[in-house]
Amino acid sequence: MVAAFTLAVAFLLFLMVSGPVLEILGGGVRSSLLKVSSVGNSELGVPTATSLLRQSGKDGMEAIFIFALPLLVLAFLVGYGQVGFRFSPKAVEMTLSKLNPIKGLERLFSMRSVVRTGLSTLKLAMIGLAIFIATYTRLGRVATIDGVDLAPVLAIANSLFIRAVIAALVSILVIALIDFSFQRWQHSKDMRMSKQEVKEENKNVEGDPHIKARIRQVQREMASRRMMEDVPDATVVVTNPTHYAVALKYERDSIHGAAPRVVAKGVDHVAQQIKKVARDSGVVCFENVPLARSLHARCEIGDVIPEELFEAVASVLAYVYRVQGEHVSA
């Protein structure tokens with residue numbers, strides 16, 4: 001991309017400032033010849049030769065400066081626009097392995113080098129084909145220039161030159177755009193992580209999944225222990241014969257008259273533990289399959305029972321207080 005834009009701007013500069021540049025170079029050549037002629041047959045000494053070379057160099061540097069400065073600025077801007085500012089001292093540091101001829105031969109005949117050589121050859125072939133197609137249609141005029149004056153010959157040569165250069169620049173720009181798109185795609189592909197790298201990154205960021213699973217297990221066990229500690233203070237445990245158990249606590253003497261709330265719940269093994277702790281603590285277990293399933297599905301630990309279940313729970317509490325009253329009377 002940098003080379004393509006640099007060549008394009010160089011051609012535009014050539015079209016715009018070639019006249020002044022040629023005048024500068026021509027003036028330098030003319031002044032040099034005049035100075036040489038003024039010397040005549042005398043010996044060309046060091047001071048005279050130095051003066052001639054200095055003047056010629058000054059004229060040549062002025063002409064080169066007109067081309068070089070815009071091209072240097074453009075190359076910097078195009079490179080910066082693609083990748084930003086990159087300072088890499090490692091690229092120019094002294095590396096003894098680069099002087100190893102065996103390593104050099106390996107790089108020279110590596111698959112990467114073969115591919116690059118093939119691509120460069122293909123690029124040259126594309127540029128040559130573009131130039132041939134652009135100039136082939138003008139070859140008929142070249143056959144008619146025999147015996148004519150120099151001016152028409154130069155005009156035809158100038159036309160062929162410009163057509164050839166434009167064809168070459170267009171093909172180079174097309175190749176550069178294709179290469180630019182491919183390089184960005186290749187870079188994006190190279191930056192992708194493999195599945196293993198994604199797993200490792202997730203492990204580093206979020207932690208080892210095994211450790212996280214163990215932490216969740218410990219948290220569940222701690223929550224279960226806290227839940228079991230609240231079962232002895234429950235008012236009643238509503239159960240399904242084997243699968244469900246929900247412990248409710250109702251404070252009759254509460255000044256706010258709060259509704260019963262769930263202090264523990266569980267299924268299967270946990271339900272059996274809840275019922276065992278309740279029996280050991282003297283908490284009444286009341287079997288009501290629909291109510292136990294509804295409480296387990298609709299309530300979390302710490303929740304107040306929903307209003308739709310007030311009547312059913314009230315009948316259970318009435319039974320509990322009646323049983324407790326009988327025990328007190330006995």
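Note that the coordinates shown come from a computational prediction; the quantities given were computed from them, not determined experimentally.
Hydrophobic clustering, with ILVMFWY side chains joined whenever heavy atoms are under 4.5 angstrom apart, groups V320 together with F310. Note on V9: it does not cluster hydrophobically with L72, by side-chain heavy-atom contacts below 4.5 Å among ILVMFWY residues. With hydrophobic clusters built from ILVMFWY side chains whose heavy atoms lie under 4.5 angstrom apart, V313 does not share a cluster with V304. By the criterion of side-chain heavy atoms lying less than 4.5 angstrom apart, applied directly or through intervening Ile, Leu, Val, Met, Phe, Trp or Tyr residues, L122 is grouped together with I175 in one hydrophobic cluster. Note on F180 and L173: separate hydrophobic clusters, where clusters join Ile, Leu, Val, Met, Phe, Trp and Tyr whose side-chain heavy atoms are under 4.5 Å apart, directly or indirectly.
Taking CZ from R298 and CD1 from I305, the interatomic distance works out to 10.0 Å, rounded to the nearest 0.5 Å. Rounded to the nearest 0.5 Å, atoms CG (N240) and CG (L295) are 12.0 Å apart. Atoms CG and CG, from L12 and L169 in turn, are 8.0 Å apart once rounded to the nearest 0.5 Å.
Minimum heavy-atom separation, Y250 to T235: N-OG1, 2.8 Å. Scanning all heavy atoms of the two residues, the minimum distance from V246 to A292 falls at CG2-O, 3.8 Å.
Annotation: E308, atom CD; neighbour count of heavy atoms from other residues, nucleotides and ligands within 6.0 Å is above 12.
Using a distance-only test at 3.5 Å, with no hydrogens or angles considered, no donor-acceptor pair links the side chain of D233 to the main chain of D230. Not one N or O on the side chain of S171 forms a donor-acceptor pair closer than 3.5 Å with the backbone of M126.
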Report task. Mind running side-chain contact (heavy atoms from CB on, under 4.5 Å) on Y244 and T239 for me, showing each step along the way? Result -> CA-CA 5 Å; Y244 292 88; T239 68; over 6 Å; no
Query - Full working for side-chain contact (heavy atoms from CB on, under 4.5 Å) between V237 and F286 - result: CA-CA 6 Å; V237 175; F286 185 84; over 6 Å; no
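Looking at heavy atoms from C-beta onward, I166 lies in side-chain contact with F11 at the 4.5 angstrom threshold.
Shown here are the side chain to side chain contact (heavy atoms under 4.5 Å, CB included) partners of F161, two or more places apart in sequence or in another chain: F14, V165. In this structure, the side chain to side chain contact (heavy atoms under 4.5 Å, CB included) partners of I172, at least two apart in sequence or on a different chain, are A4, L7, I127.
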Please tabulate, one pair per line, all N/O donor-acceptor pairs under 3.5 Å involving side-chain atoms of residues 260-278, not counting sequence neighbours.
{"from": "K265", "atom 1": "NZ", "to": "H296", "atom 2": "O", "distance (Å)": "2.9"}
{"from": "K265", "atom 1": "NZ", "to": "C299", "atom 2": "O", "distance (Å)": "2.7"}
{"from": "D268", "atom 1": "OD1", "to": "H243", "atom 2": "ND1", "distance (Å)": "3.0"}
{"from": "Q272", "atom 1": "NE2", "to": "T242", "atom 2": "O", "distance (Å)": "2.7"}
{"from": "K275", "atom 1": "NZ", "to": "P241", "atom 2": "O", "distance (Å)": "2.8"}
{"from": "K276", "atom 1": "NZ", "to": "D280", "atom 2": "OD2", "distance (Å)": "3.2"}

